[in-house]
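See below for the structure under consideration.
Convention: sequence-line order gives letters A, B, ...; per-chain numbering from 1.
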2 protein chains.
Amino acid sequence: MNIDIRMAHLFSTLNDDQVRQVMESSHVGTFKDGESLFETGDEANRFFLVIGGQIKLFRVSSNGDQKIIDIIQPGNTFAEALMFMEHPIYPVSAEALGPAKVISFDSRRFLQILSESFEVCFRIMGTMSQRLRGLIKEIDDLTLQSATTRLCAMLLRRMEEVGQNHFTLPAAKGVLAARLSMKPETFSRILQNLSTKKILKTKGNEIEVVDCDLLRSLAHLESIYGLEPEQPCVLNKELKIALK
Amino acid sequence: MNIDIRMAHLFSTLNDDQVRQVMESSHVGTFKDGESLFETGDEANRFFLVIGGQIKLFRVSSNGDQKIIDIIQPGNTFAEALMFMEHPIYPVSAEALGPAKVISFDSRRFLQILSESFEVCFRIMGTMSQRLRGLIKEIDDLTLQSATTRLCAMLLRRMEEVGQNHFTLPAAKGVLAARLSMKPETFSRILQNLSTKKILKTKGNEIEVVDCDLLRSLAHLESIYGLEPEQPCVLNKELKIALK
DNA sequence: TTTACTGTTTGACGGATATCAAGTGTTTTT
DNA sequence: AAAAACACTTGATATCCGTCAAACAGTAAA
């Protein structure tokens with residue numbers, strides 16, 4: 001098997017020798033749907049690169065349901081930030097979403113390489129910086145918005161990603177619901193509501209957005225860059241009516 | 001004015017020459033209560049060290065209310081992660097909570113120093129790593145927990161911080177409410193409820209915890225390390241009854 | 001095909017929290 | 001000291017969302 005780990009941003013500036021060093025400590029793992037990579041609280045001396053499938057990062061609450069923190073796509077690394085902690089411990093659990101393939105690396109070994117290359121250092125700092133930004137956005141979504149808003153924002157993001165007003169949901173509805181911190185029932189009801197209001201059409205996991213503008217308003221998508229975070233968005237009241 | 005910026009973790013390993021370099025680009029600012037340091041979306045080519053008072057980091061939603069992301073205490077730096085982004089833009093707004101004093105530094109200048117010292121690099125990566133962990137914890141609190149749980153956890157944290165079952169709230173109740181993502185009314189009602197149940201006594205901003213164990217149960221403080229994130233916590237039902 | 005099994009939908013219901021509105025202090029200003 | 005401003009409390013009401021339970025569909029297994 002020949003995988004060039006340089007496809008990952010984190011490794012992209014490594015030279016051949018460094019790649020060899022990193023690979024020495026690497027370990028390829030294949031996981032079935034639902035299989036666990038590690039659990040919250042486990043000692044964290046390895047980090048990961050997804051090369052196939054998806055990996056779900058989540059936390060479990062005391063009442064048993066889980067909040068999905070992130071879904072890692074192929075080509076991306078995760079848990080690499082832990083290597084800078086004294087007693088590294090995974091703050092989340094990870095398991096495969098469908099069959100998945102990952103490579104894991106020894107953190108200590110990679111730290112050695114880091115301590116030889118400023119370029120790699122800066123790269124990892126960049127990655128962490130982006131991740132921080134992502135989490136702040138996440139908190140935003142969770143607190144300042146309703147379930148409907150969150151779902152609409154997700155649909156809109158997906159739509160722009162695909163470039164079509166007709167697309168397939170990127171995962172099972174139950175999984176998406178968890179990702180958006182709501183129950184499957186709620187997820188279902190909101191979709192049905194949007195359907196009734198002629199904002200979109202659904203058929204299984206196929207979504208067709210009909211009233212794109214209204215959807216956008218419902219999501220009131222201020223980006224993370226917060227272009228006009230102030231203006232109180234006059235639409236709010238009208239929208240409440242629009243949704244009966 | 002003689003401030004040794006080495007009190008900040010981030011700068012702690014700088015030598016005299018490096019400190020001099022950093023200070024060259026620094027700028028001391030004094031802010032009155034509510035005064036703004038920067039807003040969401042502003043270009044971010046400086047980062048900050050709080051040397052007095054508190055700085056509130058927050059985001060404003062379209063309906064006008066704000067979610068407080070963090071309250072930065074003296075001795076701590078913030079916004080330093082942005083310097084690794086191509087087009088650095090503050091993802092949050094910052095303003096003084098009460099009178100405050102901060103030093104700001106030029107990001108580019110600091111990057112130069114970074115590119116000369118692995119030690120400083122590793123230190124900043126450690127800081128970012130901790131911040132990531134903190135944000136994940138934050139998401140946890142926000143999604144997996146009720147308002148009561150969040151408030152209890154906060155009280156408990158404060159109690160352990162002070163080492164006394166009698167302490168003063170670290171900020172105005174309204175501010176704390178925003179920090180915990182709830183309305184001031186809700187905050188007030190929960191405190192009153194805990195009072196009625198003889199769990200604590202309040203007098204203005206003074207809190208005296210009476211039933212420490214019950215408070216702890218209400219907060220069911222699984223730490224971020226998630227020692228037993230699985231076990232469904234038998235207390236839940238009893239506690240519901242305890243709170244009527 | 002029949003039978004499970006799992007994921008999704010639908011309905012009835014309840015509870016937690018936001019909203020709106022008014023009232024009470026407390027601090028600041030004049 | 002009086003007035004104004006602000007922060008907090010309290011009550012009534014609305015609403016969103018979670019819970020529980022049952023029906024339904026699609027898929028895999030027997």
Item to check | Five-pair end axes of the helix from C/dT1-D/dA30 to C/dT30-D/dA1, angle between them (10°) | outcome: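 Inter-axis angle at the ends, rounded: 40°.
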
Item to check | Non-neighbouring partners of B/T30 that pass side-chain contact (heavy atoms from CB on, under 4.5 Å), sequence neighbours left out | outcome: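 With neighbours one apart ignored, the set is B/K101.
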
Item to check | Qualifying residues under side-chain contact (heavy atoms from CB on, under 4.5 Å), relative to B/K32, sequence neighbours excluded | outcome: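 Here the qualifying residues are B/E35.
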
Quick one: [X] [atom1] to [N] [atom2], roughly how many Å, whole number?
| X | N | atom1 | atom2 | answer |
| --- | --- | --- | --- | --- |
| B/K183 | C/dA21 | NZ | C1' | 16 Å |
| A/L97 | C/dT6 | CG | C1' | 15 Å |
| A/M182 | C/dG7 | CE | C1' | 17 Å |
| A/I190 | C/dT8 | CD1 | P | 15 Å |
| A/D33 | C/dT6 | CG | P | 12 Å |
| A/L180 | D/dG18 | CG | C1' | 16 Å |
| B/N193 | C/dA16 | CG | P | 10 Å |

Item to check | With sequence neighbours excluded, residues passing salt bridge (charged side-chain N to carboxylate O under 4.0 Å, His left out) with B/R150 | outcome: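 Partners of B/R150 by the salt bridge (charged side-chain N to carboxylate O under 4.0 Å, His left out) criterion come out as none, since no residue qualifies.
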
Next on the checklist: Does anything in residues 69-82 of chain B form a salt bridge (charged side-chain N to carboxylate O under 4.0 Å, His left out)? List the pairs, not counting sequence neighbours.
Outcome noted: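 The answer is B/E80-B/R131.
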
Between N or O atoms, less than 3.5 Å apart, protein on one side and nucleotides 26-29 of chain D on the other: list the pairs.
none

Item to check | Separation of B/I89 CD1 from A/R133 CZ (nearest 0.5 Å) | outcome: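 If we round to the nearest 0.5 Å, A/R133:CZ and B/I89:CD1 are 8.5 Å apart.
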
Item to check | From CG (B/L155) to CG (B/L191), nearest 0.5 Å | outcome: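 Those atoms lie 6.5 Å apart.
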
Checklist entry - For residues 162-181 of chain A, which residue pairs qualify under side-chain hydrogen bond (donor to acceptor under 3.5 Å, both in side chains), counting only residues two or more places apart or in two chains? => result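 Those involving residues 162-181 of chain A are A/E138-A/R179, A/T168-A/E206.
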
Checklist outcome for this item: 5' to 3', nucleotides 7-12 of chain D under a 4.0 Å protein heavy-atom cut-off (B base, S sugar-phosphate only, - none) gives -SSBBB

Next on the checklist: Test of understanding: with ring pair (Phe, Tyr, Trp, His ring centres under 6.0 Å), list the residues that count as partners of A/F47, not counting sequence neighbours.
Outcome noted: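 Ring pair (Phe, Tyr, Trp, His ring centres under 6.0 Å) list for A/F47, sorted by chain: A/F105, A/F110.
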
Next on the checklist: Among residues at least two apart in sequence or on other chains, which ones pass ring pair (Phe, Tyr, Trp, His ring centres under 6.0 Å) with B/F78?
Outcome noted: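 In terms of ring pair (Phe, Tyr, Trp, His ring centres under 6.0 Å), with neighbours along the sequence ignored, B/F78 is linked to B/F48.
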
Next on the checklist: Going by the rule side chain to side chain donor-acceptor pair (under 3.5 Å), which residues pair with A/S104 if we only count those two or more places apart in sequence or in a different chain?
Outcome noted: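 For A/S104 the side chain to side chain donor-acceptor pair (under 3.5 Å) partners, ignoring immediate neighbours, are A/R46.
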
Checklist entry - Excluding sequence neighbours, so at least two apart, what forms side chain to side chain donor-acceptor pair (under 3.5 Å) with A/R158? => result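 Checked A/R158 against side chain to side chain donor-acceptor pair (under 3.5 Å); matches are A/E161.
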
